[in-house]
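Worksheet: one structure, shown below.
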There are 2 protein chains.
Amino acid sequence: MEGREETWEIHSHPYIPRDLDLQGFVPGFLSQSAIIGVYGFSSFLVVSLVWFLSGRLSKLPKIDRLLMCWWLFTGLTHMILEGYFVFSPEFYKEKTACYLAEVWKEYSKGDSRYAARDSGVVAVEGITAVLEGPACLLALYAIATRKSYSYILQVAISLGQLYGTAVYFLTSYLEGDNFAASSYYYYAYYIIANASWVVIPTLIIVRCWKKICAAVQVQDKRKTKVR
Amino acid sequence: MEGREETWEIHSHPYIPRDLDLQGFVPGFLSQSAIIGVYGFSSFLVVSLVWFLSGRLSKLPKIDRLLMCWWLFTGLTHMILEGYFVFSPEFYKEKTACYLAEVWKEYSKGDSRYAARDSGVVAVEGITAVLEGPACLLALYAIATRKSYSYILQVAISLGQLYGTAVYFLTSYLEGDNFAASSYYYYAYYIIANASWVVIPTLIIVRCWKKICAAVQVQDKRKTKVR
């Protein structure tokens, strides 16, 4: 009996692989729709605030205002959500309905490496939360105040996001790509939720890359003329 | 007796942790000085060739010629050395004195995760060999032909090298930082040999970042004047 109870306790989690040892696991309290609802609604509030405030700034083009919304949304996601994960190795033992622990209990259904504390995931999330998160807020400020480092900073952060996502997907692939509780969670959480951090950084890199090349080209021509 | 022989076969490698299972391991044939000598001498030849040929190109500043040397050296290292590792999961079983297998048999003394095929290491090396290696050769070409994308490309590759090195060190730290055969190999291979890929990319990023900001600033001023 004791042996059986122990086995039950070790495996009493909804994640795959089934033999993942998560002693002390406490199931989530909030429903999927509540978790996504809170994230969606607070993101909507934050983005609306930036859109409204940036509209009052002197003649910022709409594309810059849109980018400011993205940088605040992604920066806060990195710092708050991913920051909590990085510094809370035992989130799956959380006994209260702490929202941030709920997020990762739920997301681990799409990728159990979060609950299992896979070193590749923690390394990428650590860089994202500690370095890229604050850099996103700096990018917001740089766009609002038209700093000359605005484009190169946006390229740097976006490249970091792409590199992190590449390591994230590659390590999973190399380890057998078997960390999702079902194909629903695989596609909804692992693929679709991460897709924004592939598509949007790519678009930003293309845009800023062109802007930088154009600026360098103009300067090169001027130098040649001066000669 | 059989059990003992099996244990001997499993553990007959010079790497740490001692219980790392590398069945079929064949010890290296070349000495450390031979391995480093070949790498050093061929790098010297390649760098000298670039320095000599770039000197004949029209008025390239010395700093650009130096950067071209770096990009060829690091690009070939990524594509040949790291490329071999990525696509040779069984290099430690190599029965001949194949130079590239020897390199990784030797380097694994500083970090056994190479022989153990750690997914974080393979993911980072894969990105480095397949994407960054060819991009380094493009950077060499961009500098030689004064392309307008030269600075931003150099920043992009250097950021990738820094990100890769960060993931490389962080995952080792998170997994207990116990992969070196001795503290000599730890410092000589793991720390010192990797240090160039922290210091040089950082210097390149600082230089190109400033150049890009200066070019963008000049263009912004011109736009303001036109208004």
Side-chain angles (χ1 to χ4, degrees), chain A residues 59 86 89 113 117-128 130-132 142 146-153 155-177 205 208-224 227, chain B residues 59 86 89 113 117-128 130-132 142 146-153 155-177 205 208-224 227:
Chain A
K59 288 180 194 165
V86 171
R113 298 181 298 163
R117 206 86 194 145
D118 176 273
S119 66
V121 167
V122 177
V124 166
E125 289 292 11
I127 296 169
T128 306
V130 174
L131 298 180
E132 288 171 19
R146 303 168 197 267
K147 295 287 183 215
S148 59
Y149 61 80
S150 165
Y151 296 133
I152 181 68
L153 179 64
V155 170
I157 307 170
S158 302
L159 277 172
Q161 291 172 325
L162 283 189
Y163 199 111
T165 314
V167 171
Y168 177 64
F169 283 122
L170 276 173
T171 46
S172 169
Y173 169 78
L174 290 165
E175 287 168 16
D177 198 16
I205 291 169
C208 295
W209 190 285
K210 283 183 187 165
K211 296 268 185 190
I212 288 169
C213 288
V216 171
Q217 203 158 27
V218 167
Q219 205 185 27
D220 281 351
K221 271 186 196 154
R222 281 186 52 187
K223 272 186 193 163
T224 320
R227 272 179 203 157
Chain B
K59 290 181 192 164
V86 171
R113 297 181 299 164
R117 206 86 195 147
D118 176 274
S119 65
V121 167
V122 177
V124 167
E125 288 291 12
I127 296 169
T128 306
V130 174
L131 297 180
E132 287 171 20
R146 302 168 196 266
K147 295 287 184 215
S148 59
Y149 61 80
S150 165
Y151 296 132
I152 181 69
L153 179 64
V155 170
I157 308 169
S158 302
L159 277 172
Q161 291 172 324
L162 283 189
Y163 199 110
T165 314
V167 171
Y168 177 65
F169 284 121
L170 275 173
T171 46
S172 170
Y173 168 78
L174 290 165
E175 287 168 16
D177 199 15
I205 291 170
C208 295
W209 191 286
K210 282 182 188 165
K211 296 268 186 192
I212 288 170
C213 288
V216 171
Q217 202 159 29
V218 167
Q219 205 185 28
D220 282 352
K221 270 184 197 155
R222 281 187 51 187
K223 273 187 192 160
T224 320
R227 273 178 201 155

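Every value quoted in this text rests on a predicted model; they were computed, and no experiment measured them. To find a chain, count down the sequence lines: A is the first, B the second, and so on, and within it residues start at 1.
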Check your understanding: Sequence neighbours excluded, which residues qualify as ring-ring contact (aromatic ring centres under 6.0 Å, His included) partners of Y173(A)?
Key -> none
Exercise for review: Return the set of residues passing ring-ring contact (aromatic ring centres under 6.0 Å, His included) with Y168(B) (not counting sequence neighbours), or none when no residue passes.
Suggested key: Y190(B)
Exercise for review: Quick one: do L153(B) and W209(A) satisfy side-chain contact (heavy atoms from CB on, under 4.5 Å)? Show the steps, please.
Suggested key: CA-CA 9 Å; L153(B) 179 64; W209(A) 190 285; 4.0 Å; yes
Exercise for review: Flag the one option from S150(A), G160(A), G126(A) with the top tally of heavy-atom pairs under 4.5 Å to chain B.
Suggested key: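 The candidate making the most pairs under 4.5 Å is G160(A).
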Exercise for review: Select, from A156(A), S172(A), C208(A), G120(A), the one with the greatest count of heavy-atom pairs under 4.5 Å involving chain B.
Suggested key: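 Option with the greatest count: A156(A).
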Point to revise | Nearest non-hydrogen partners of S119(A) and T171(B), listed with the distance | key: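 Minimum heavy-atom separation between S119(A) and T171(B): O-CG2, 3.6 Å.
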Revision key, fill the gap. Looking only at heavy atoms, the pair that brings S148(B) and C213(A) closest together is CB-O, 3.6 Å
Revision key, fill the gap. Separation between CD (Q219(B)) and CD1 (I212(A)), nearest 0.5 Å, reads 11.0 Å
Review point. In Å, rounded to the nearest 0.5 Å, how long is the span from CD1 of I127(B) to OH of Y163(A)?
Key: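 The CD1 atom of I127(B) sits 4.5 Å away from the OH atom of Y163(A).
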Practice item. Go through the atoms of I152(B) and report whether side chain, backbone, both or neither lie under 4.5 Å from a heavy atom of chain A. Key: both
Check your understanding: Considering only heavy atoms, which portion of F169(B) lies under 4.5 Å from any heavy atom of chain A: side chain, backbone, both, or neither?
Key -> neither
Practice item. May I have the step-by-step check of side-chain contact (heavy atoms from CB on, under 4.5 Å) for V155(A) and V155(B), ending in yes or no? Key: CA-CA 9 Å; V155(A) 170; V155(B) 170; 5.8 Å; no
